[in-house]
Participant: 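Before we start, here is the structure in question, set down as structure tokens.
Quick note on labels: first sequence line is chain A, next is B, and so on, each numbered from 1.
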Amino acid sequence: MVSQGGAPGSTAARGRQVGGRAGQGRGYAGRWGGRKGNGKGRTRRGRDMRQSRTFIPTLRESPADAEIASHRLLVRAGYLRKVASGIYEFLPLGTRVVQRISRIIREEMNAAGAQEVMLPIMQPRELWEESGRWAKYGPEMMRLKDRAGRDFGLGPTHEEVITDLVRNNVSSYRDLPLNLYQIGTKFRDEVRPRFGLLRAREFLMKDAYSFDRDEEGMRLSYKAMYEAYGRIFTRCGCTWRAVEAATGLIGGDISHEFMVPAEVGEDHIALCDSCSYSANLELAGYRRTETPRGEGKAMERVSTPGMRTIEEVSGYLGMEPRRMVKCLMYLVEGKPVAVLVPGDREANEVKLARVLGTDEFRLFNESDWKEHPDYLQGFVGPVGLDSAEIIADESLRGAGGLACGANERDVHLVHVEEGRDFRPHSFADLTSARTGDPCPRCGEPMRVEAGIEVGQVFQLGLKYSEAMRCYYHDENGEVRPMYMGCYGIGVTRLMAAVVEQHHDERGIIWPLSVAPAFLHILALDYQREGRRKAAEDLYRECLEKGWEVLLDDREESAGVKFADADLLGIPFRAVIGRGYDEDGTLELQERATGQRARLTRENLFRRLEEARESFRDLAERGDM
RNA sequence: CGGGGUGUGGCGCAGCUUGGUCAGCGCGCAUGCUUUGGGAGCAUGAGGUCGGCGGUUCAAAUCCGCCCACCCCGACCA
């Protein structure tokens with residue numbers, strides 16, 4: 001089995017082997033729960049999973065509140081139940097899947113030199129004050145008081161706690177690098193939980209934190225995690241891609257997100273197939289090649305009675321929306337700022353936050369318009385707008401032939417040219433790329449696709465170590481802050497993502513690596529003595545091999561058993577039915593392909609062993 | 001937080017407009033018999049004070065008010 005890692009400062013902690021597998025080869029034997037050999041005195045070594053005695057409440061109908069496949073199927077198939085909005089119970093099969101995913105994560109984390117710890121969910125306010133995030137995190141952090149009235153937060157993430165742990169116990173360069181991780185419950189009081197496990201309030205997360213002497217070390221730690229993440233998602237059966245990402249509340253400079261492409265994903269990423277540039281749409285750049293040009297005509301006023309929206313005005317004037325200047329009024333730290341973007345684009349507020357250097361801003365609301373009556377909602381334009389700072393999207397640099405509000409009721413201006421008629425205080429990248437926009441690196445057209453963020457890695461640098469005084473002594477006795485990184489995987493979200501990528505209309509199709517069982521034995525007409533005995537024998541034999549097997553020993557009709565088996569999605573199915581009566585053969589079905597074969601008992605085992613063997617090879621190579 | 005919607009046995013729903021044998025249907029559950037290769041049939045049965053509180057009325061699942069929960073869209077979050 002895999003080493004659980006050593007104490008701080010041990011070989012396991014120091015033995016960095018970027019990109020490789022530090023430590024010993026991982027034990028893939030008994031992937032379905034089985035120890036191999038040496039089970040003397042015990043006839044059964046696999047877990048006993050008789051369906052009649054296992055808590056798998058399947059539903060014939062979809063629950064009314066489930067919209068997406070993963071949510072619907074996980075509930076219908078008896079893996080999951082909701083107890084409150086965004087809060088779920090994992091039933092035995094769901095728990096199995098979580099454990100299997102967790103196991104893959106542990107193997108890869110341990111192999112990459114990280115050590116597992118367990119950190120508290122409930123964390124004292126004081127730590128969060130140190131990092132400044134008690135104020136900054138906002139209502140998303142669940143807060144509570146103990147009986148003495150002391151403030152605590154339920155950890156939405158664990159940088160503070162881990163930094164506190166390390167600063168108090170690590171003080172020498174000899175103990176670095178150090179990488180600690182946990183798999184634990186996180187709580188985030190999401191504004192709007194939805195999509196089952198994809199956006200839950202309480203969820204399981206693997207989070208790791210690395211501590212290094214310098215930036216170079218941090219980069220190596222980052223690289224090791226990045227590569228481990230790729231292996232983890234691949235082994236869980238996901239297609240994925242890593243993209244450049246924004247850092248948000250966690251902070252730091254460099255970050256990548258691991259995205260699992262899926263229609264239902266809430267994130268969007270821009271991809272270039274020519275040069276492999278890929279980034280979250282929040283920060284993906286694109287080249288401005290569509291900048292409209294003018295013909296040197298003089299600016300002109302036109303009457304646009306009652307027309308406030310881009311659609312209304314552009315339709316009335318017969319101009320393309322991209323020639324309209326959308327002038328958005330923002331209140332930035334209490335001051336009005338005009339943000340100019342082409343009429344056919346939206347402002348990207350993540351980019352805007354970067355440019356403004358603050359996230360204290362919002363689009364004008366009703367009362368803001370009232371308080372600033374000199375800005376006429378629907379007719380604001382950059383020409384003659386002296387009272388506000390004006391920042392414009394890059395695509396408006398040198399643009400001409402534009403139309404915009406005249407800062408006068410029911411009037412717009414046409415033939416407007418940037419540079420001649422108005423001049424923004426600055427230009428910046430303020431809009432999101434769309435499919436077809438040119439790649440910022442190579443200029444080829446990109447595409448935008450939806451994905452589920454299943455993991456994110458950050459180079460934190462000194463953000464927390466300086467704020468929280470997490471220092472060490474180097475060889476010369478100098479006191480230096482540690483360079484940190486942090487690395488998260490949404491374990492339960494990953495489970496949902498796997499289902500999103502692996503299901504059909506009838507149910508889940510688990511990849512072998514994370515399936516709650518390897519084989520599902522269905523004995524049809526279980527009452528028939530011969531079939532029952534055959535099923536029991538097969539079951540026992542599988543258990544002795546250490547396989548995880550689910551035996552459908554219920555006295556249900558064939559249709560019910562098949563339908564439930566499709567729903568549960570266990571990769572292989574052995575059916576004992578008519579074929580068995582006729583010539584003693586069993587039918588092996590593969591859930592993913594639907595392939596069926598009537599086999600003798602010996603051949604059935606041979607085929608299953610082959611499947612396990614080829615899977616094991618894939619796993620060793622990191623292809624699975 | 002804004003907008004919309006829903007809350008009726010374990011699950012999915014009807015009933016509400018036009019208060020009064022409306023507490024009902026399907027699935028599930030229990031018992032018995034017959035069934036068993038794609039969600040079986042017959043029979044019998046258990047189970048809901050209709051989200052909560054208050055009001056109107058002779059009478060409220062149904063009308064009114066407040067509250068709560070859940071869902072969707074948006075805002076938010078990363």
Participant: What string of B, S and - do you get for nucleotides 27-37 of chain B 5' to 3' if you count protein non-hydrogen atoms under 4.0 Å?
Facilitator: SS-------BB
Participant: Between Glu67(A) and Arg506(A), name the one whose nearest nucleotide on RNA chain B is closer to the 5' end.
Facilitator: Arg506(A)
Participant: Between G10(B) and G48(B), how far is it from one C1' atom to the other, in whole Å?
Facilitator: 11 Å
Participant: Pairing check on C11(B): which nucleotide meets the Watson-Crick or G-U wobble criteria with it, both distances under 3.5 Å?
Facilitator: G26(B)
Participant: For Gln501(A) and Thr239(A), test the side chains for any donor-to-acceptor distance below 3.5 angstrom and give the result as yes or no.
Facilitator: yes
Participant: Asp189(A) has an atom CG; how far is it from atom C1' of C1(B), in whole Å?
Facilitator: 13 Å
Participant: Using the C1' atom on both, measure U8(B) against G24(B) and round to a whole Å.
Facilitator: 10 Å
Participant: Given the C1' atoms of G47(B) and C27(B), what is the spacing between them in whole Å?
Facilitator: 14 Å
Participant: How many Å lie between CG on Leu363(A) and C1' on G74(B), as a whole number?
Facilitator: 13 Å
Participant: Can you name the residues that form a salt bridge (Lys or Arg N to Asp or Glu O under 4.0 Å) with Arg219(A), not counting sequence neighbours?
Facilitator: Glu215(A), Glu216(A)
Participant: Would you mind reading off the distance between Glu190(A) atom CD and C71(B) atom C1', rounded to a whole angstrom?
Facilitator: 16 Å
Participant: For nucleotides A30(B) and A46(B), find the distance between their C1' atoms and express it as a whole number of Å.
Facilitator: 7 Å
Participant: How would you label the contact of Arg192(A) with the nucleic acid (heavy atoms, under 4.0 Å): base, sugar-phosphate, or nothing?
Facilitator: base
Participant: Should G74(B) form a Watson-Crick or G-U wobble pair with both distances under 3.5 Å, which nucleotide is its partner?
Facilitator: C1(B)
Participant: Write down the distance between OH (Tyr330(A)) and C1' (A75(B)), rounded to a whole number of angstrom.
Facilitator: 12 Å
Participant: Does anything in residues 493-505 of chain A form a salt bridge (Lys or Arg N to Asp or Glu O under 4.0 Å)? List the pairs, not counting sequence neighbours.
Facilitator: Asp504(A)-Arg591(A)
Participant: What distance, rounded to whole Å, do you find between the two P atoms, one in C63(B) and one in C16(B)?
Facilitator: 9 Å
Participant: Who passes salt bridge (Lys or Arg N to Asp or Glu O under 4.0 Å) against Arg578(A), sequence neighbours left out?
Facilitator: none
Participant: If I pick the P atom on G15(B) and the same atom on C73(B), what distance separates them, to the nearest angstrom?
Facilitator: 25 Å
Participant: What parts of residues 193-203 of chain A reach RNA chain B, counting only heavy atoms under 4.0 Å away?
Facilitator: Arg194(A), Arg199(A)
Participant: Say whether Tyr229(A) and Lys206(A), considering side chains only, have a donor N or O and an acceptor N or O under 3.5 Å apart.
Facilitator: yes
Participant: Can you tell me how far C1' of G74(B) sits from CD of Glu346(A), to the nearest Å?
Facilitator: 13 Å
Participant: In chain order, what residues pass the salt bridge (Lys or Arg N to Asp or Glu O under 4.0 Å) check against Glu257(A), with sequence neighbours excluded?
Facilitator: none
Participant: N/O contacts under 3.5 Å, protein versus nucleotides 2-5 of chain B?
Facilitator:
none

Participant: For His71(A), what residues pass the ring pair (Phe, Tyr, Trp, His ring centres under 6.0 Å) criterion, not counting sequence neighbours?
Facilitator: Tyr88(A)
Participant: Is there a salt bridge (Lys or Arg N to Asp or Glu O under 4.0 Å) between Asp566(A) and Arg573(A)? Walk through the geometry before answering.
Facilitator: CA-CA 10 Å; Asp566(A) 288 338; Arg573(A) 182 183 309 171; 2.6 Å; yes
Participant: In whole angstrom, give the distance that lies between atom CG of Leu352(A) and atom C1' of C77(B).
Facilitator: 16 Å
Participant: Under the ring pair (Phe, Tyr, Trp, His ring centres under 6.0 Å) criterion, do Tyr137(A) and Trp128(A) qualify, and how do the steps go?
Facilitator: CA-CA 9 Å; Tyr137(A) 221 100; Trp128(A) 286 75; 5.8 Å; yes
Participant: Have a look at Trp510(A) and tell me which of Phe518(A), Tyr79(A), Phe572(A) forms a ring-ring contact (aromatic ring centres under 6.0 Å, His included) with it.
Facilitator: Tyr79(A)
Participant: Residues in ring pair (Phe, Tyr, Trp, His ring centres under 6.0 Å) with Tyr226(A), at least two apart?
Facilitator: His256(A), Phe258(A)
Participant: Pull out every protein N or O sitting under 3.5 Å from an N or O of nucleotides 13-16 of chain B, one pair per line with the distance.
Facilitator:
none

Participant: How many whole angstroms separate atom NZ of Lys136(A) from atom P of C76(B)?
Facilitator: 16 Å
Participant: Test the Arg143(A)-Trp134(A) pair against the cation-pi criterion, namely NZ or CZ under 6.0 angstrom from the six-membered ring centroid and within 45° of the ring axis.
Facilitator: yes
Participant: Under the rule for ring pair (Phe, Tyr, Trp, His ring centres under 6.0 Å), what residues qualify as partners of Tyr483(A), not counting sequence neighbours?
Facilitator: none
Participant: So which pairs with a foot in residues 457-468 of chain A pass side-chain hydrogen bond (donor to acceptor under 3.5 Å, both in side chains), sequence neighbours left out?
Facilitator: Arg133(A)-Tyr464(A)
Participant: Sort out the partner of A43(B) for me: Watson-Crick or G-U wobble, both distances under 3.5 Å, none otherwise.
Facilitator: U31(B)
Participant: Indicate, with a heavy-atom threshold strictly under 4.0 Å, whether Arg81(A) touches base, sugar-phosphate, or nothing.
Facilitator: nothing
Participant: Is it true that Arg199(A) and Glu266(A) have a side-chain N and a carboxylate O under 4.0 angstrom from each other?
Facilitator: yes
Participant: What distance, rounded to whole Å, do you find between the two P atoms, one in G74(B) and one in U17(B)?
Facilitator: 34 Å
Participant: Under 4.0 Å between any heavy atoms, over every strand shown, what does Arg573(A) touch: base, sugar-phosphate, or nothing? Just pick one.
Facilitator: base
Participant: Answer with yes or no whether the side chains of Ser131(A) and Glu159(A) bring together a donor and an acceptor at under 3.5 Å.
Facilitator: no
Participant: Rounded to whole Å, please give me the gap between CG in Leu59(A) and C1' in G26(B).
Facilitator: 15 Å
Participant: State whether Ser85(A) places a side-chain N or O below 4.0 Å from either non-bridging phosphate oxygen (OP1 or OP2) of C71(B).
Facilitator: yes
Participant: Expressed in whole Å, how much space separates the P atoms belonging to G51(B) and A23(B)?
Facilitator: 16 Å
Participant: Please name the nucleotide paired to G65(B) by Watson-Crick or G-U wobble geometry with both distances under 3.5 Å, or report none.
Facilitator: C53(B)
